[in-house]
Structures are given as structure tokens and as C-alpha cells.
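Beneath this line is the structure, given in C-alpha cells, with notes to follow.
In what follows, chains are A, B, ... by sequence order, proteins preceding strands, each numbered from 1. Values reported hereafter were calculated over all heavy atoms of this structure, with side chains retained and with hydrogens, waters and symmetry mates removed.
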Protein chains: 2
Amino acid sequence: MAEREVDRSVSQTVKAQLALRDQILSGSLRPGERISELQAVETTGASRTPVRMALVRLEEEGLLEAIPSGGFMVKAFSERDISDSIELRGTLEGLAARFAAERGVSARELEPLKECLAAIDELLRQVPISVDAFSSYVTLNARFHALLTELSRSPPLIRQIDRASALPFASPSGFVMAQSALPEAQQILIIAQEHHRVVIDAIENREGARAEAVMREHARLAVRNLRLALRNRTHLDLLPALALIKSATD
Amino acid sequence: MAEREVDRSVSQTVKAQLALRDQILSGSLRPGERISELQAVETTGASRTPVRMALVRLEEEGLLEAIPSGGFMVKAFSERDISDSIELRGTLEGLAARFAAERGVSARELEPLKECLAAIDELLRQVPISVDAFSSYVTLNARFHALLTELSRSPPLIRQIDRASALPFASPSGFVMAQSALPEAQQILIIAQEHHRVVIDAIENREGARAEAVMREHARLAVRNLRLALRNRTHLDLLPALALIKSATD
DNA sequence: TGAATACGTTATGTATACAATAACTCGGAG
DNA sequence: CTCCGAGTTATTGTATACATAACGTATTCA
């Protein structure tokens with residue numbers, strides 16, 4: 001064995017996967033760029049076998065694309081790919097909300113959602129919102145969406161939503177950060193929070209159709225805001241996740 | 001190198017993946033059963049590295065589940081998991097139909113869909129439908145759904161639908177075969193065909209909401225029929241794909 | 001001078017050896 | 001008789017060596 005430093009706390013495969021994902025999302029690896037296994041071995045510290053397993057997982061996750069002649073490259077996305085992904089996720093979350101409403105949710109299960117809601121309310125009281133508060137918002141928002149998804153009690157649906165969220169631009173942190181650069185950010189967040197409130201209310205009152213509708217509207221709001229953010233390209237360098245957008249790199 | 005027979009026409013990884021998937025779907029490997037790598041090496045003819053890559057892919061595909069202590073087991077599904085997956089797929093196909101309607105589709109692009117429709121009409125003229133005709137129907141139906149999905153022109157959505165369809169019970173062949181055992185099969189297929197007709201009409205007339213609604217109804221029909229099929233357990237041994245249902249194995 | 005082919009280099013696909021961990025069994029003690 | 005523990009075995013995780021295919025470069029021929 002070489003002088004390789006082996007971290008036994010997590011598996012080499014997971015370590016490599018996280019490291020490579022970071023490199024992709026941070027923009028170290030550009031869209032369309034081929035990923036060299038040897039290079040990945042050096043940067044991640046794992047050997048080729050776990051690196052290859054990580055590459056396969058990232059391909060299935062949608063961040064990488066297999067090259068026919070062999071190997072993998074960083075996938076490139078169009079602006080429409082991204083807005084479609086957001087709408088897709090909203091559609092799935094709408095289904096989750098409807099399932100939750102139709103199948104019934106106890107007050108105890110709604111408790112953490114309401115706590116999340118209250119915490120976000122607290123943050124939004126700041127005008128204008130600080131960068132730190134925005135960072136907290138991103139975390140809380142992600143937590144809210146994850147909890148809501150769980151309420152569906154449908155493992156296949158939860159799994160699929162996780163997949164849809166794996167695409168970074170569709171993840172809360174992705175598009176919420178995009179919105180943070182906008183002057184309209186505060187107003188947007190207030191509307192989004194209103195959606196959160198309505199979906200909980202609809203679930204409590206077992207109104208499946210209303211719960212579904214508001215989550216879809218929530219996604220449409222996000223799509224509109226993404227478009228706005230992409231028009232204001234001046235702020236886009238703040239958004240590493242959006243480095244994946246093909247057209248932005250040209 | 002041992003006396004191993006190496007088939008160089010396809011990659012060992014793909015070969016192993018196909019072989020293992022077959023074993024799972026055919027019921028050779030039962031739900032909850034642990035998959036031994038060594039055993040998989042023997043049955044697939046590939047070595048451990050490609051076998052492991054195949055296992056990772058099948059896990060991402062949803063057929064396998066990682067065991068915390070290491071290795072993989074065949075995933076087990078409840079009846080609700082399956083009906084949820086069908087509804088999930090219907091929801092995604094509804095979105096695809098809406099995208100197609102809203103974004104517009106040329107007559108030329110609709111041509112293959114209409115050919116598919118006509119071919120199915122031809123099959124359904126037989127009363128009662130033969131087993132061979134049913135087999136053809138499964139193929140044609142899968143083709144119709146695939147073509148419809150393509151019309152959305154949304155790579156992320158197409159990808160996600162493929163994923164949702166990877167779960168065999170949600171795939172056309174899976175649940176359509178389940179329906180084939182039912183005495184009501186013929187009537188069901190006629191209604192399903194009517195849905196196909198409506199969605200094409202809606203797309204032609206650029207009625208997004210109607211296109212989406214009919215695909216969702218299409219899925220709800222499938223869910224109802226799956227429930228019917230599961231009540232008639234006498235026919236279920238004909239349906240290897242449904243061997244994945246947890247409760248059916250008890 | 002340009003194009004095509006052959007050769008060399010590099011990177012991926014595959015196989016296997018080695019290491020570490022988890023499960024199982026057997027034995028002993030309470 | 002049961003429960004706990006140590007040893008052993010089997011299986012997975014990791015590393016690396018080898019095979020093969022693709023790409024780039026250089027040289028030669030037209």
C-alpha cells in the first residue's frame with residue numbers, strides 16, 4: 001500500500017461521490033468536460049474501483065453522461081431543461097401533497113412543518129433580508145419541502161422526488177439562491193411562504209385538489225423567478241450551481 | 001486468464017445488468033433475498049467489477065436496495081407502492097402530454113402515434129382477444145407511451161418517466177399483463193384505447209389541460225385494474241413481474 | 001502539400017488479489 | 001439449558017495489475 005491516506009470513517013465510494021459532486025457543482029469541472037478517472041483518483045484520494053462506482057452513481061443521478069466511446073462527461077443543461085426540472089419537481093410535490101391530504105395526517109405529524117413555517121416567518125421579518133438569513137432560509141425551505149414529501153407516506157414517490165431534486169438547479173438551494181440575487185427577492189419569498197401556509201392548511205382540511213394545485217403554482221413561481229434571475233446575468237457568477245447551464249458558459 | 005468465455009459484443013457490465021434484471025423479474029431472486037456477488041459472478045459470467053457496477057445501476061433503478069452492512073438485496077414492494085408508482089407515472093405522462101400540447105407538435109410527429117393507434121384498433125377488433133394479440137398489444141402500448149413521452153421534447157422529463165417506468169410493475173408490460181388475466185380485459189383495453197385517442201386529439205388542438213387530465217385518468221384506470229387483478233389471485237402466477245409484490249409472496 | 005495509415009501513448013474496461021468486516025458456529029461457563 | 005464470547009468463515013470493500021480500444025502524432029506516399 002502506498003502512502004495513501006485512508007479515511008475509514010466513510011466508505012471510499014461515498015467519499016469519492018461527494019468529492020466529485022462538489023467539483024461539478026462548484027464549477028471546477030465544466031459542462032461537457034470529460035472526467036478523467038486517473039485525475040479523479042488523484043483529487044478524491046480513492047482508488048479507481050470506488051471512483052468508478054461513484055461515477056456510475058453520479059451518472060444515474062443525472063449529473064454525468066456516459067460517453068459512447070467510454071468514460072463520462074459533465075452533463076450540460078439548457079435553460080429550458082432547468083425550468084422543466086423545476087416544474088417536474090413541483091408536479092411531483094403536488095402529488096405528494098395530494099396524497100398527504102387524501103390519506104390524512106395527524107396533528108403530531110404536521111408539528112415540524114408548522115415549526116418550519118414559523119422559523120421562516122421569523123426570518124422574513126427582516127427587511128431587507130441579510131445574507132446569513134438567506135442562507136438559513138435555504139436550509140429551512142429545503143427542510144420544509146423534505147418534510148412535506150414525507151407526509152405522502154409513499155416510498156416510490158419520495159424516492160422519485162429525491163431524484164428530481166438531485167439535479168442541483170431544481171433543488172431548493174439551487175433556485176432559491178438564484179432568486180437571492182434579485183431585487184424582488186423579498187417579495188418572492190413572501191409569496192412562496194404563503195404557498196407553504198396554504199398547502200399545510202389544505203392538508204389539514206383534507207382538500208387534496210387544493211393542496212396539489214398550490215404546490216404546482218409554487219413551482220411555476222420558481223420558474224418565473226429563475227427566468228428573471230437568468231435575465232440579470234450580472235448576479236449569476238454568485239450561483240455556482242447554475243454554472244451547469246450550457247448557454248451561460250458560452 | 002481462466003477459461004472464462006468472454007462475449008465481446010456487449011460490455012460485461014451491460015451483460016451482467018441484463019442478466020441480473022432478468023433473474024429479478026423472472027422471480028429467480030425473491031424479494032428481500034440478498035444478492036451474493038460471487039453467485040452473480042457465476043450466473044452472469046462477468047467478473048466482480050462489472051457485476052458490482054451492474055448492482056449499483058440496478059439499485060439506482062430501484063430494483064435493488066443497499067444493505068447497510070454491505071451488499072444488496074432484492075427490493076420488496078407493497079401493493080400500495082405499486083399503485084402509487086402507476087399513478088406517479090401517469091402524473092408524469094400527464095405533464096408530458098401537456099408540454100406536447102402547449103409547445104405544439106407537427107402533423108409529421110403525430111404520424112407514428114396515429115399508426116400505433118390504428119394498429120391497436122386492429123388488434124382490439126378480435127373478440128375475444130388472443131394471447132398472441134395481447135402480446136402484440138403490450139408492445140404497441142409501450143411504443144405509444146414512449147412516443148407520447150418523446151413529444152414533450154423535455155429531456156429531464158423523458159428521463160424521469162423512463163426511471164418511473166423502470167419499476168416493472170409500473171411499466172406497460174407489467175400492469176397491462178396483469179390486466180390480461182382479467183375477464184374484463186377486453187373492455188379495459190377499449191377504454192384505454194379511447195384515452196389514447198383523446199390525448200392525441202387534445203395535443204392536436206393544443207388543449208394542454210385536457211391532454212394532461214386524460215393521461216391521469218388513464219393511470220387511475222390502470223390502478224383500478226391492478227386492484228382487480230390482485231383480487232383475482234388465481235391468475236397471478238402468470239405474471240412474473242408481480243412476483244415483486246411483498247404480500248403476494250407471504 | 002495534403003491526406004492516409006501505422007505506430008505509440010493514454011485511458012478505459014476487466015479481472016483478480018488483498019484487506020477488513022460482519023455473520024455464524026462451537027465451546028464453555030453460569 | 002441458555003447465554004455469552006471467541007474463533008473461524010464467508011462476503012463485501014478496496015486496490016492494482018493487465019487487456020483492449022481509442023486517440024493523437026508522425027511519417028510516408030500520392
Side-chain angles (χ1 to χ4, degrees), chain A residues 1-21 23-24 28-61 63-75, chain B residues 1-21 23-24 28-61 63-75:
Chain A
M1 183 171 305
E3 75 285 5
R4 187 187 298 285
E5 287 290 328
V6 180
D7 177 5
R8 304 201 179 285
S9 64
V10 293
S11 80
Q12 297 296 302
T13 301
V14 171
K15 192 179 73 175
Q17 187 175 354
L18 293 176
L20 286 172
R21 191 185 305 161
Q23 289 180 33
I24 296 168
S28 306
L29 298 166
R30 306 207 145 237
E33 186 174 344
R34 182 177 196 148
I35 287 195
S36 157
E37 278 187 12
L38 210 61
Q39 184 184 328
V41 163
E42 285 170 10
T43 59
T44 64
S47 75
R48 275 190 67 208
T49 303
V51 161
R52 280 176 67 78
M53 306 234 322
L55 291 174
V56 169
R57 286 206 143 90
L58 289 169
E59 182 205 359
E60 301 286 334
E61 202 170 300
L63 258 57
L64 298 181
E65 200 173 352
I67 300 173
S69 65
F72 299 92
M73 56 178 267
V74 180
K75 206 160 171 176
Chain B
M1 181 171 305
E3 76 286 5
R4 188 185 298 282
E5 288 290 327
V6 181
D7 177 4
R8 303 198 182 287
S9 62
V10 293
S11 81
Q12 298 295 303
T13 302
V14 170
K15 193 178 75 175
Q17 188 175 355
L18 292 175
L20 286 172
R21 191 186 300 156
Q23 289 180 32
I24 296 167
S28 305
L29 298 166
R30 306 207 145 237
E33 188 174 343
R34 182 176 196 149
I35 288 194
S36 157
E37 277 186 14
L38 211 62
Q39 184 184 327
V41 163
E42 285 171 9
T43 59
T44 63
S47 74
R48 276 189 66 209
T49 304
V51 161
R52 281 176 67 77
M53 306 228 328
L55 290 174
V56 169
R57 287 205 142 91
L58 289 168
E59 182 206 359
E60 302 287 334
E61 200 170 301
L63 260 56
L64 297 181
E65 200 173 351
I67 300 173
S69 64
F72 299 92
M73 56 178 267
V74 180
K75 205 160 170 177

message: Side-chain N or O of B/Thr49 versus OP1/OP2 of C/dT14: is the shortest distance under 4.0 Å?
response: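 No, B/Thr49 has no side-chain N/O under 4.0 Å of OP1/OP2 on C/dT14.
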
Where do N or O atoms of nucleotides 8-13 of chain C meet protein N or O atoms at under 3.5 Å, pair by pair?
unit_1 : atom_1 : unit_2  : atom_2 : d
C/dT12 : OP1    : A/Ile35 : O      : 3.4
C/dT12 : OP2    : A/Glu37 : N      : 3.4
C/dG13 : OP2    : A/Arg52 : NH1    : 2.6
C/dG13 : OP2    : A/Arg52 : NH2    : 3.1
C/dG13 : N7     : A/Arg48 : NH2    : 2.9
C/dG13 : O6     : A/Arg48 : NH1    : 2.9

Across all chains, not counting sequence neighbours, the side chain to side chain donor-acceptor pair (under 3.5 Å) partners of A/Ser36 are none

Residues in side-chain contact (heavy atoms from CB on, under 4.5 Å) contact with [X], at least two apart in sequence or another chain:
X       : answer
B/Arg21 : B/Gln17, B/Leu18, B/Leu25, B/Leu58, B/Glu61, B/Leu63
B/Ala16 : B/Thr44, B/Ala46, B/Val51, B/Ala54
B/Thr13 : B/Ser11, B/Pro50, B/Met53, B/Arg57

For residues 66-73 of chain A, please give each side-chain donor-acceptor pair under 3.5 Å, one per line with the distance, not counting sequence neighbours.
none

